K.L.:
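Sharing a structure, written as structure tokens. Questions coming.
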Amino acid sequence: MTYLDLINKVLIRLRETQVATPTDTDYAQLVGYLVNDAKSIVESAWDWAALRTTKTITAYSGDNTYTITGSGGDYKFLDAYNDTSNFRLKLLTQNEMNNLINLNTAASSSPEYFSLNGLDSNGDQNIIVYPTPDATYTLKFDMVIREGELEDATDTTAIPFRPIVMYAWAMATRERGETGGTAAQEIFGLADRALADAVALEANKYQAELLWRPV
């Protein structure tokens, strides 16, 4: 669903004229901002399949600092593992990693741990691994990476569009303070229902993630 399509779907519900670009009118621009606000709400509600991806890093001997290219700053780790040595990587806090690196004898082996180390100039996540690799290893990170804001008319979103439209419609109705037609509170209720339905459909694909197991 394109940015322009989303804006026009909201405008129709507001009984406004559709536009050819997101900047055709001041009101279309406002609706565009609300669409992005609504998209942020929907993105954060669930680990959508469309946003799940696996990032691969090749770790080289003697180097313990890497960048997860394309991760951006708005992401979630689902799993991390050393594919070469066949075990999971454990995420440490920065303090725990500092203790390993600075309070122990320097170690070179297959990486077992990683910690976050700020963002690079492109806004992608830097990490530190420990022990420092003594050979070449393939490290994989299963992640949910949120989309950026929609800006151009042809920008698209892969997450469910209906709750986005409904939340943007509700926000626009509340902002306008309209007394006729459907009340904003009712529309927010419809948006919540649309989001709950979309999450339920997705959750059915990942039922194992909803199970609690004793550890």
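For clarity, every value in this text was computed on a predicted model and none was experimentally measured. Residues take their numbers from the sequence shown, with the count starting at 1.
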K.L.:
So how far is it from L190 CG to M166 CE, rounded to the nearest 0.5 Å?
P.N.:
4.5 Å
K.L.:
Got a sec, which residues hit salt bridge (Lys or Arg N to Asp or Glu O under 4.0 Å) with R162, two or more places apart in sequence or on another chain?
P.N.:
none
K.L.:
Can you list, by chain and residue number, the hydrophobic cluster partners of Y113 when the side-chain cut-off is 4.5 Å?
P.N.:
L92, M97, L100, I101, I128, Y130
K.L.:
Would a distance-only check, ignoring hydrogens and angles, find a side-chain to backbone donor-acceptor pair under 3.5 Å from Q125 to G118?
P.N.:
yes
K.L.:
Would you list the pairs meeting ring-ring contact (aromatic ring centres under 6.0 Å, His included) in which at least one residue belongs to residues 17-44, sequence neighbours left out?
P.N.:
none
K.L.:
Kindly compute the distance separating CD1 (I68) from NZ (K140), expressed to the nearest 0.5 Å.
P.N.:
14.0 Å
K.L.:
Within the side chain of E202, is there an N or O that forms a donor-acceptor pair under 3.5 Å with the backbone of A49?
P.N.:
yes
K.L.:
Tell me every residue that passes side-chain hydrogen bond (donor to acceptor under 3.5 Å, both in side chains) with D47, counting only those two or more places apart in sequence or in another chain.
P.N.:
K76
K.L.:
Can you sort out the partners of E112 under side-chain hydrogen bond (donor to acceptor under 3.5 Å, both in side chains), two or more places apart, ordered by chain and number?
P.N.:
none
K.L.:
Can you name the nearest heavy-atom pair linking P133 to P111, along with the distance?
P.N.:
CG-CG, 3.8 Å
K.L.:
Could you pull out all residues at least two apart from D134 that satisfy side-chain hydrogen bond (donor to acceptor under 3.5 Å, both in side chains)?
P.N.:
Y137
K.L.:
Once side chain to side chain donor-acceptor pair (under 3.5 Å) is applied, what residue pairs with a partner in residues 78-92 remain, sequence neighbours excluded?
P.N.:
D79-R88, N82-S110, S85-S110
K.L.:
Check A38 against A168 and note the closest heavy-atom contact, atom names and distance.
P.N.:
CB-N, 3.6 Å
K.L.:
What I'd like to find out is whether the side chain of L4 reaches to under 4.5 Å of the side chain of P22, using heavy atoms alone.
P.N.:
yes
K.L.:
Would you list the pairs meeting side chain to side chain donor-acceptor pair (under 3.5 Å) in which at least one residue belongs to residues 151-161, sequence neighbours left out?
P.N.:
E147-T157
K.L.:
Report the C-alpha distance between T21 and D24 in whole Å, list the side-chain angles of each, state the deciding distance to 0.1 Å, and finish with yes or no for side chain to side chain donor-acceptor pair (under 3.5 Å).
P.N.:
CA-CA 5 Å; T21 73; D24 267 2; 2.8 Å; yes
K.L.:
Any chance you could measure L11, atom CG, to R15, atom CZ, to the nearest 0.5 Å?
P.N.:
12.0 Å
K.L.:
F114 vs F141 aromatic rings, parallel, tilted or perpendicular, using cut-offs 30° and 60°?
P.N.:
perpendicular
K.L.:
Report the C-alpha separation of L30 and E175 in whole Å, then their side-chain angles, then the decisive distance to 0.1 Å, and conclude whether the side chain to side chain contact (heavy atoms under 4.5 Å, CB included) test is met.
P.N.:
CA-CA 10 Å; L30 172 62; E175 185 277 334; 3.7 Å; yes
K.L.:
Is there side-chain contact between R176 and E16, with at least one heavy-atom pair below 4.5 Å?
P.N.:
yes
K.L.:
I'd like to check M171 versus V35 (side-chain heavy atoms, cut-off strictly below 4.5 Å). Are they in contact?
P.N.:
no
K.L.:
Do any N or O atoms from the side chain of N122 and from the backbone of D124 form a donor-acceptor pair under 3.5 angstrom?
P.N.:
no
K.L.:
Looking at residues at least two apart in the chain, or sitting in another chain, which of them share a side-chain hydrogen bond (donor to acceptor under 3.5 Å, both in side chains) with R146?
P.N.:
none
K.L.:
Could you list all the ring-ring contact (aromatic ring centres under 6.0 Å, His included) pairs where at least one residue sits in residues 146-170, not counting sequence neighbours?
P.N.:
none
K.L.:
Atom CG of residue position N102 - does it have more than 12 heavy atoms of other residues, nucleotides or ligands inside 6.0 Å?
P.N.:
yes
K.L.:
Ion pair present between D5 and K9, side-chain N to carboxylate O less than 4.0 angstrom?
P.N.:
no
K.L.:
Is F77 linked to V144 within one hydrophobic cluster, defined over Ile, Leu, Val, Met, Phe, Trp and Tyr using a side-chain heavy-atom separation of less than 4.5 Å?
P.N.:
no
K.L.:
So do I7 and V31 actually touch side chain to side chain, heavy atoms under 4.5 Å?
P.N.:
yes
K.L.:
Does anything in residues 57-74 pair up under side chain to side chain donor-acceptor pair (under 3.5 Å), and if so which pairs, sequence neighbours excluded?
P.N.:
T67-N126
K.L.:
Is any side-chain heavy atom of V165 closer than 4.5 Å to one of V10?
P.N.:
yes
K.L.:
Among the clusters formed by ILVMFWY side chains lying less than 4.5 Å apart, do V19 and I12 turn up in the same one?
P.N.:
no
K.L.:
Going only through I, L, V, M, F, W and Y residues with side-chain contacts under 4.5 Å, is there a path from Y75 to V42?
P.N.:
no
K.L.:
Is the shortest side-chain heavy-atom distance between T138 and T56 below 4.5 Å?
P.N.:
yes
K.L.:
Distance check, rounded to the nearest 0.5 Å: L116 atom CG versus Q94 atom CD?
P.N.:
8.5 Å
K.L.:
Not counting sequence neighbours, which residues clear ring-ring contact (aromatic ring centres under 6.0 Å, His included) with Y3? List them please.
P.N.:
none
K.L.:
Starting at OG1 of T53, measure out to CD1 of I145 and round the result to the nearest 0.5 Å.
P.N.:
5.5 Å
K.L.:
Within a radius of less than 6.0 Å around CZ of R52, do more than 12 heavy atoms belonging to other residues, nucleotides or ligands occur?
P.N.:
yes
K.L.:
Once you round to the nearest 0.5 Å, how far does CD of Q185 lie from OG1 of T173?
P.N.:
12.5 Å
